[in-house]
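Have a look at the structure below before the remarks.
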Amino acid sequence: MAERTYLQAISDGLRQEMRRDERVFVMGEDIGAFGGAFKVTDGLLAEFGAARVRDVPIAEAGIIGTAVGTAIAGLRPICEMQFADFISCGFDQLVNVAGKMHYRLGLAVPMVVRLPSGGGFSGGPFHSQNPEAWFMHAPGLKVVAPSTPEDAKGLLAAAVRDPNPVVFLEHKHLYRRVKGAVPEGDHTTEMRARVARVGSDLTVVAYGAMVHAALDAAEQVDASIEVVDLRSLVPLDEEAILASVRKTSKVLVVDEANRTCAAGAQVAALIADRAFEDLDGPVRRVAAPDVPIPFSPPLEQAILPSSQSIREAMDELLAY
Amino acid sequence: MSSSPTETIVDIVLPAMGTSISEGTVIEWHKQVGDPVAIDEVICEISTDKVDTDCPSPVAGVVTEILVAVGQTVDVGTIIARVATGDGPTLSAPPDAPAPAIEEPAATNGHTSGASNGRSQRYSPVVQRMSEVHGVDLADVPGTGRGGRVTKRDVLAYLKQAPTESALHSDSPYIADEPAVAASTPPAAAPDDRGGHLQPLSRMRQAIGAAMRNSLQTAATCHTVVECDFTRVEKRRRDLGVTALPLVARAVIDVLRSDFPALNATLDGTTLTRYDRVHLGIAVSLGDEGLIVPVIHDAQDLSPDGLSARIKDLATRARAKQLAPDEVQGATFTITNPGRSGAVIATPIINVPQVAILDLEAVVRRPVVVTDGDGNEMIAIRSMVNLVLGWDHRAIDGVYAAEFLTAVRRQLESVS
């Protein structure tokens with residue numbers, strides 16, 4: 001086990017998969033000589049050469065479309081969106097072409113799209129979004145969102161090896177802030193939820209950066225809080241969620257994304273549907289309001305869920 | 001008793017709980033002399049023949065007198081308690097002291113405090129389920145949630161300390177250290193020689209028992225059964241999105257009114273009273289607690305949809321103990337439906353003075369002989385049900401009962 005940052009773990013995952021399987025290649029804007037906007041692909045060009053580390057024009061539809069074509073032809077492309085926000089330019093290729101290929105033609109599209117996502121650093125409305133729900137709603141795509149370095153490496157490897165198109169959300173805020181032990185060598189993580197903290201009074205369901213905010217908040221309350229880290233949004237680990245709810249009977253669902261139709265809305269609906277008789281209080285949600293992420297630092301801090309706002313919601317539910 | 005110049009004494013009378021109720025028995029006082037009471041807060045519980053109901057205080061104040069003891073039965077309108085209202089709780093003031101200038105007592109309006117009995121009567125799904133599984137009366141569980149809500153933790157805590165019965169016959173040498181537990185245990189819980197536990201029958205069980213014995217001693221009870229092909233009823237009820245019960249009820253009402261008035265009747269000694277209108281009793285199981293028979297008055301005016309809605313409403317309120325006394329009286333015919341629990345035949349007891357009770361049993365798929373339009377016979381799989389009529393031979397004879405059942409059967413088999 002080596003101590004790695006979240007960013008280094010993703011980098012390690014890319015290297016591991018490219019070394020393991022020569023069909024795997026990466027492409028994206030400025031990912032070669034420059035090493036990517038966040039330096040995730042730094043050093044890959046030197047190790048694997050320009051044929052497998054491809055700089056491409058600023059055209060997301062082209063990047064994703066090329067990935068679909070090469071995947072069908074037998075390669076294992078990993079595309080980097082410079083920021084998750086830009087994927088909207090490649091939406092059609094991903095949602096309509098990649099996602100439906102199996103259903104229309106019976107063809108596997110083993111590709112990964114990496115999305116540096118999330119806010120908290122004054123990136124403004126075009127560089128801070130959490131677009132995972134768009135892709136949860138599109139049949140045929142898998143969506144994963146690791147919160148730890150270990151899972152970042154493991155889920156990336158699992159995504160590369162998966163025969164389906166996988167949207168891989170890597171939270172920018174975690175890149176250099178989160179460090180942890182990561183297994184060296186071949187390591188994959190199953191697309192299932194994990195219990196990040198065991199508790200008995202209240203379940204917090206979160207993923208990505210919000211797992212850390214929830215864990216932080218859990219430390220501050222005088223109660224036994226369970227934190228479920230979803231890790232995978234599609235497939236959604238329903239049994240893990242329900243098992244925790246059956247244990248604690250109170251649930252708080254946290255999204256950094258805008259509230260309406262977010263991943264947490266699906267979790268809340270699942271609980272209402274299948275754990276109704278285990279509930280001892282309303283299913284509460286904490287999420288960003290339905291507005292674009294503001295550039296202004298104090299405004300941004302005001303709308304993003306924080307350990308403070310999560311703690312307040314916890315207190316309210318615990319007292320219910 | 002003393003009163004300050006500013007206070008007013010308000011009489012609390014036994015409320016009129018329905019036009020047919022003339023008396024009630026106080027079964028529990030929730031307030032004692034000296035207790036503050038909020039407006040509409042429950043001051044005591046009243047029992048009538050079958051229904052228990054809460055008696056709310058019409059005013060806010062302090063209870064100064066309780067005039068009717070638990071178990072005493074008094075007429076509607078009798079003064080059962082007195083409450084002093086005024087500028088504040090005055091009872092604590094020493095006699096003849098000037099009334100202290102106290103402001104409006106806090107928290108007596110609107111939200112009642114968690115510690116009182118006026119706490120929220122809404123329970124979360126998990127709490128309701130636990131109460132059913134463990135047979136816990138939630139009214140006994142102290143609530144620590146918002147506004148005195150009973151939470152899952154409260155039920156768990158209650159269950160942990162609840163099995164006080166075993167403490168009495170425990171061999172533990174430490175039993176003497178727990179006098180509080182022993183003292184709070186009802187003495188009836190002492191074991192007999194076979195290790196059983198005595199359990200006094202609830203008032204409801206006693207009432208049911210007395211009524212059933214009375215019926216068997218009074219009526220000449222007979223039973224007649226017909227088999228009915230329910231295939232069409234099953235289809236129709238699915239189309240309507242209702243259970244079979246309202247369709248059966250509708251058929252029974254029609255048949256009673258058209259051709260069998262002697263069954264829509266009550267028998268008192270030597271006088272049979274027939275009714276043009278059908279007041280239909282529907283037996284509702286309250287689980288282990290017992291059963292109750294709410295009445296759909298003027299059921300003849302309702303469609304199957306309307307009957308379904310009324311049955312659901314009555315059943316829901318029966319289980320929540322929210323029926324008014326009038327709603328369990330005055331039936332002229334009763335339908336019971338134990339078939340939902342899988343029974344295929346039973347011998348229902350007549351709810352005297354009514355003369356008959358129809359028992360709807362479980363619908364089962366059976367091979368039966370059917371005849372097609374050309375008179376060819378064949379074996380088919382049909383949804384069959386037994387309709388059992390419990391009837392009083394003092395009022396009618398077997399032929400009449402059988403003809404009635406056959407008419408009901410014909411009507412149900414031709415439902416479309």
Side-chain angles (χ1 to χ4, degrees), chain A residues 195 197-205 217-218 220-228 238-253 265 267-286 309-320, chain B residues 106-107 110-162 241 285-289 312 315-320 340-341:
Chain A
V195 176
R197 178 194 168 102
V198 178
S200 58
D201 295 340
L202 168 74
T203 295
V204 183
V205 181
Q220 300 168 32
V221 298
D222 182 25
S224 173
I225 308 291
E226 179 144 306
V227 178
V228 174
E238 301 189 341
E239 289 312 317
I241 297 166
L242 295 171
S244 182
V245 173
R246 289 187 181 123
K247 180 164 77 163
T248 64
S249 295
K250 288 185 176 178
V251 207
L252 178 66
V253 189
V267 171
L270 167 78
I271 294 165
D273 184 14
R274 297 202 21 220
F276 179 76
E277 293 202 343
D278 290 286
L279 287 174
D280 196 22
V283 179
R284 279 279 150 79
R285 293 184 58 207
V286 172
S309 58
I310 294 170
R311 204 192 71 205
E312 284 167 9
M314 282 177 177
D315 285 337
E316 211 180 300
L317 260 184
L318 287 166
Y320 185 86
Chain B
H111 305 287
T112 49
S113 77
S116 81
N117 286 310
R119 69 179 182 219
S120 167
Q121 291 300 306
R122 290 185 181 176
Y123 302 109
S124 70
V126 72
V127 164
Q128 291 190 39
R129 192 165 56 81
M130 291 172 79
S131 110
E132 263 173 45
V133 169
H134 298 286
V136 174
D137 183 351
L138 291 171
D140 298 339
V141 181
T144 63
R146 186 189 296 161
R149 222 186 115 257
V150 174
T151 66
K152 176 183 169 186
R153 301 190 96 193
D154 296 334
V155 180
L156 285 172
Y158 179 83
L159 286 173
K160 247 185 201 167
Q161 55 93 34
S285 168
L286 303 178
D288 293 343
E289 217 175 320
K312 268 187 208 155
T316 307
R317 287 191 295 117
R319 291 183 182 121
R340 295 177 62 172
S341 308

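Numbers restart at 1 for each chain; the letters A, B, ... are given by sequence-line order, proteins then strands.
For A/Asp222, the CG atom is loosely surrounded, since the number of other residues' heavy atoms within 6.0 Å does not exceed 12.
Side-chain contact between B/Arg153 and A/Asp201 is present, with heavy atoms from C-beta onward closer than 4.5 Å. The side-chain heavy atoms of B/Arg146 and A/Glu316, taken from C-beta on, include a pair separated by under 4.5 Å. Taking the side chain as every heavy atom from C-beta outward, B/Ser124 and A/Leu279 never approach each other to under 4.5 Å.
At distances below 3.5 Å, not a single donor-acceptor pair connects side-chain atoms of B/Arg129 with backbone N or O atoms of A/Asp278.
Of all heavy-atom pairs spanning A/Lys247 and B/Lys152, the tightest one is O-NZ, 2.8 Å. The nearest pair of heavy atoms linking B/Val127 to A/Asp280 is CG2-OD1, 3.3 Å.
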